[in-house]
> 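Quick one: the structure is below, and I'll ask about it shortly.
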Amino acid sequence: MNIDKNTIEKIAHLSRLYFNEADEEKMLKSLNEILEWVQMLNKIDTTNVLPLTHMSHEVNVLREDVVEEPLPHEKALFNAPRKDSNYFRVPKVIENE
Amino acid sequence: MYSSYQEIRKALQKKEVRVKEIVEYYLRKIEETKHLNAYLEVYAEEALSRADEIDKKLQAGKAGNLAGMVITHKDVICYENHRLQASSKILDGFVAQFTAPSLQRMLDADVIVIGRVNCDEFAMGGSNENSAFGVVRNNIDPTRVPGGSSGGSAVSVSADTCLISLGSDTGGSVRQPAAFTGIVGFKPTYSRISRYGLIAYASSFDTIGVLAKNVEDTALVMEYLAGKDEYDATVSQKPVPPYSQLLEIPTHQLKIGYIKEVLETEAVQKEIKEAVWRKIEQFRADGHEVIPVDFPLYEYALPTYYILTTAEASTNLSRYDGVRYGYRSPNAVDVETLYKRTRSEGFGPEVKRRIMLGTFVLSASYYDAYFTKAQKVRRIIRDEMLKLLNNLDFLITPTTPTTAFEIGKYNEENVLELYYADILTVTPSLCGLPAISIPIGLDEKNLPIGLQVTAKYFEEASLLAFAKYAMQN
């Protein structure tokens, strides 16, 4: 299958990415190439095969709850690009009427 | 200076050397090999002062079991109060707030971390050309790539600037650079080592791995890395065998398989096939049974890998939004532009390509056709591989189809060709099996050739013993 510019723009929005026109063109070409290549999987008959979703050999590793110190604010906020004493700061979310 | 930890340990016991002198030697080597761009940060002062402390502990007879071992960590493994950024602009300024428990166990045994090493951005790549901090050069031939994504790790060991490096392997990122630089690269069974403190790329594939000069050191380090951990619910609860004590040369007859197509195809460099054949002849001369096996599915492993890993990556990398850590675009006017500008300015082109592909295969209209399909093929490949291994002790292939290639050979115009550098390493990753790359010779340009050996789940001990034997002859 071939994807078009519209699809690229939709996927870019879902990915929270922007592309300028030149990069969008490159991405389109490259994704189409890859998608064409992975079509080869259709040669494999997967009727009645269950998807493999977990690779760990462990099932339900449980333990008693233990009270521990939580991550302190200063550590959690240490790497924040903008913060105040208790919060991560972002641009205003609620629109003015 | 020292080619194994055992040599270092002996020299320390005989008081022929101090830990501080070992660190000073490595610091000089790091300086001499600066042009290779393997290091993102060198912890010179810290390493020297830690060396002093450990020397004192040695004198008092209180040093840990890895005293004198000097290592590097790939820029995806957390080390508390040290910077970490997955070779990406998007984690500019990030400082790890805790240490990965695997690394912590080594630190508790008095390992010294001498620096943080370069890699492909978010461990995505097979040539270490995708780093925001520039290409890493192969120490064997600086016009060539060191492989990837753990390219800085491989060069740091191969160029003798440290003894061991901790890397990560999702589809070959430890084994392939080890092959390109002539060292040992080991990826254990999926879930053998806790992934806590490892920056996630594709969580159902990712594992921490070891790059070392020999199998003995690899086995020793694995005793510390492996094992259960409260912070990773998927990590194996199985007890960790004393790998370094279990390296005796196998005396019974082994059954070893090689994939026929791989040793016949034109796509694998002639000298690599010849080197593998020489090993096969050697195994046979030692009385082992080496048989051809059919595994026509191996071609399908690579596209399956790309669908699944990009899907997982698009999910894992959604956390880089400029809110809680790392880079934030100054060009944002509201929350949506904050996300979009930050991510577009912070991620490099290959990471963006994989996020886009992953988002596409997970999007509602294409989910079944791509993502579910690939998960089904993964099961078929895994089951076939287990069937094959059921009848064998080990499976061998070359680690890579070619030896180290020239920097710049692959670019955006031929992305798919670069992906093919992983064709032989992705199958063990898809199946979660343990695999190792060991150096088995040189090609006509004196570039190292790697042999990949794959074993059954949790057969690390016998795999390492076999690898040691295979390297000796």
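All heavy atoms count here, side chains included; hydrogens, waters and symmetry mates do not. Computed from a prediction, not measured in an experiment: that's the story for all the values here. Chain identifiers are assigned alphabetically (A, B, ...) following the order of the sequence lines, protein sequences preceding nucleic acid strands; residue numbering begins at 1 within each chain.
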> Are any of the side-chain nitrogens in B:Lys228 or A:Glu58 under 4.0 Å away from the carboxylate oxygens of its partner?
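Result for this pair is no, no salt bridge flagged.
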
> Please classify the contact of B:Ser344 with chain A as side chain, backbone, both or neither, using a heavy-atom distance under 4.5 Å.
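Contact with chain A is through both the backbone and side chain of B:Ser344.
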
> What side-chain donor-acceptor pairs closer than 3.5 Å can you find for residues 358-365 of chain B, not counting sequence neighbours?
| from | atom 1 | to | atom 2 | distance (Å) |
| --- | --- | --- | --- | --- |
| B:Thr359 | OG1 | A:Ser15 | OG | 3.0 |
| B:Thr359 | OG1 | B:Ile355 | O | 2.7 |
| B:Ser363 | OG | B:Phe360 | O | 2.7 |

> Please rank B:Leu91, B:Val95, B:Val377, B:Ile307 by heavy-atom pairs under 4.5 Å with chain A and give me the top one.
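The residue among B:Leu91, B:Val95, B:Val377, B:Ile307 with the greatest pair count is B:Val95.
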
> Report which part of B:Tyr306 has an atom under 4.5 Å of a heavy atom belonging to chain A: side chain, backbone, both, or neither.
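Looking at B:Tyr306, just its side chain touches chain A.
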
> Does some side-chain heavy atom of A:Val90 sit less than 4.5 Å from a side-chain heavy atom of B:Arg328?
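In contact.
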
> Looking only at heavy atoms and a cut-off of under 4.5 Å, which of B:Lys352, B:Glu336, B:Glu299 has the most pairs with chain A?
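When all of B:Lys352, B:Glu336, B:Glu299 are compared, B:Lys352 has the most.
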
> Side chains of B:Glu345 and A:Tyr18: do they bring a donor and an acceptor to under 3.5 Å?
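Result is no, nothing qualifies.
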
> Taking everything shown except B:Lys238 itself, do over 12 heavy atoms lie less than 6.0 Å from its NZ?
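Counting other residues, nucleotides and ligands, NZ of B:Lys238 stays at 12 neighbours or fewer.
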
> Go through A:Leu17, A:Leu77, A:Thr53, A:Val38 and name the one with the most non-hydrogen pairs under 4.5 angstrom from chain B.
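Option with the top pair count is A:Leu17.
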
> Pick one of side chain, backbone, both or neither for B:Leu433, based on which atoms fall under 4.5 Å of a heavy atom in chain A.
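It is neither, since no heavy atom gets under 4.5 Å.
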
> By a 4.5 Å heavy-atom criterion (distance strictly below it), what part of A:Lys75 contacts chain B: side chain, backbone, both, or neither?
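Interface part for A:Lys75: both.
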
> To the nearest 0.5 Å, tell me how far B:Asn414 CG sits from A:Glu33 CD.
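These two atoms lie 8.5 Å from each other.
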
> Looking at side-chain heavy atoms only, is the closest gap between A:Leu31 and B:Met356 below 4.5 Å?
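Yes, side chains in contact.
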
> By number, which residues in residues 59-69 of chain A have some heavy atom less than 4.5 Å away from chain B?
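Listed by number, the contacting residues are A:Val61, A:Arg63, A:Glu68.
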
> Could you go through B:Phe205 and A:Met55, starting from their C-alpha distance and side-chain angles, then the distance that decides it, and tell me whether this counts as side-chain contact (heavy atoms from CB on, under 4.5 Å)?
CA-CA 8 Å; B:Phe205 294 77; A:Met55 296 307 290; over 6 Å; no

> Just give me the residue among B:Thr189, B:Val335, B:Asp92 that pairs up with chain A most often, heavy atom to heavy atom, under 4.5 Å.
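Of the candidates given, the most pairs with chain A belong to B:Val335.
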
> How many angstroms lie between atom CG of A:Leu52 and atom OG of B:Ser204, to the nearest 0.5 angstrom?
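Interatomic distance, A:Leu52 CG to B:Ser204 OG, rounded to 0.5 Å: 8.0 Å.
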
> Who are the salt bridge (Lys or Arg N to Asp or Glu O under 4.0 Å) partners of B:Arg354, not counting sequence neighbours?
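Testing B:Arg354 for salt bridge (Lys or Arg N to Asp or Glu O under 4.0 Å), a comparison that skips the adjacent residues, returns B:Glu350.
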
> Go through the atoms of B:Arg382 and report whether side chain, backbone, both or neither lie under 4.5 Å from a heavy atom of chain A.
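The answer is the side chain of B:Arg382.
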
> So which residue, B:Ala233, B:Ser236, B:Cys431, ends up with the most heavy-atom pairs under 4.5 Å with chain A?
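Of the candidates given, the most pairs with chain A belong to B:Ser236.
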
> Counting only non-hydrogen atoms closer than 4.5 Å, does A:His13 touch chain B with its backbone (N, CA, C, O), its side chain (CB onward), both, or neither?
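Both the backbone and the side chain of A:His13 come within 4.5 Å of chain B.
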
> Kindly check if the number of other-residue, nucleotide or ligand heavy atoms within 6.0 Å of CZ (A:Arg89) is above 12?
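Open: at most 12 neighbouring heavy atoms sit under 6.0 Å from CZ of A:Arg89.
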
> In Å and rounded to the nearest 0.5 Å, what is the CD1 to CG distance from A:Ile34 to B:Leu357?
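One gets 5.5 Å once the value is rounded to the nearest 0.5 Å.
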
> Heavy-atom distances under 4.5 Å only: say whether A:Ile8 touches chain B with side chain, backbone, both or neither.
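Both parts, backbone and side chain.
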
> I'd like to know if A:Lys29 and B:Glu413 make a salt bridge, using a cut-off of under 4.0 Å between side-chain N and carboxylate O.
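Yes, this pair counts.
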
> Under a 4.5 Å heavy-atom cut-off, does chain A meet the side chain of B:Glu80, its backbone, both or neither?
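B:Glu80 touches chain A through side-chain heavy atoms alone.
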
> Angle between ring planes, A:His57 versus B:Phe458, binned at 30° and 60°: parallel, tilted or perpendicular?
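Aromatic pair A:His57/B:Phe458 classed perpendicular.
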
> Between A:Lys92 and B:Asp334, is any pair of side-chain heavy atoms under 4.5 Å apart?
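Contact flag for A:Lys92/B:Asp334 side chains = no.
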
> For B:Phe371, is it the side chain, the backbone, both, or neither that has a heavy atom closer than 4.5 Å to a heavy atom of chain A?
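For B:Phe371, there is no contact with chain A at all, as no heavy atom is under 4.5 Å.
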
> Given the rule in the side-chain contact (heavy atoms from CB on, under 4.5 Å) test, do B:Tyr370 and A:Leu41 qualify, once you have shown the distances and angles that lead to the verdict?
CA-CA 9 Å; B:Tyr370 290 94; A:Leu41 295 191; over 6 Å; no

> Looking at chain B, which one of A:Trp37, A:Phe88, A:Phe78 has the largest number of heavy-atom pairs inside 4.5 Å, strictly under?
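Most pairs with chain B among the choices: A:Trp37.
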
> For A:Lys10, does the NZ atom sit with more than 12 other heavy atoms under 6.0 Å from it, leaving out its own atoms?
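Result for NZ/A:Lys10: open.
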
> Pick from B:Val415, B:Ile380, B:Thr372: which one has the most heavy-atom pairs with chain A under 4.5 Å?
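Maximum pair count with chain A is reached by B:Ile380.
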
> Determine which residues belonging to residues 79-86 of chain A lie within contact range of chain B, meaning some heavy atom pair is under 4.5 Å apart, and list them by number or answer 'none'.
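When heavy atoms of chain B are the reference, residues 79-86 of chain A contributes A:Asn79, A:Ala80, A:Pro81, A:Arg82 within the under-4.5 Å range.
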
> In Å, rounded to the nearest 0.5 Å, how long is the span from CD of B:Gln97 to CG of A:Leu71?
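The CG atom of A:Leu71 is 7.5 Å from CD of B:Gln97, to the nearest 0.5 Å.
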
> Without swapping roles, check the side chain of B:Arg379 against the backbone of A:Pro51 for a donor-acceptor pair under 3.5 Å.
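Yes, because the side chain of B:Arg379 sits within donor-acceptor range (under 3.5 Å) of the backbone of A:Pro51.
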
> Rounded to the nearest 0.5 Å, how far apart are CZ of A:Arg16 and OG1 of B:Thr342?
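Result: 12.5 Å between the selected atoms.
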
> Considering only heavy atoms and a distance below 4.5 Å, find which of B:Leu297, B:Leu416, B:Val235, B:Leu317 pairs most often with chain A.
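Counting heavy-atom pairs under 4.5 Å, the top option is B:Leu416.
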
> Examine whether an atom of A:Met27 lies under 4.5 Å from a heavy atom of chain B, and if so say whether it belongs to the side chain, the backbone or both; otherwise answer neither.
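Looking at A:Met27, just its side chain touches chain B.
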
> Given heavy-atom pairs under 4.5 angstrom as the criterion, report whether the side chain, backbone, both or neither of A:Asn42 touches chain B.
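For A:Asn42, backbone and side chain are both near chain B.
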
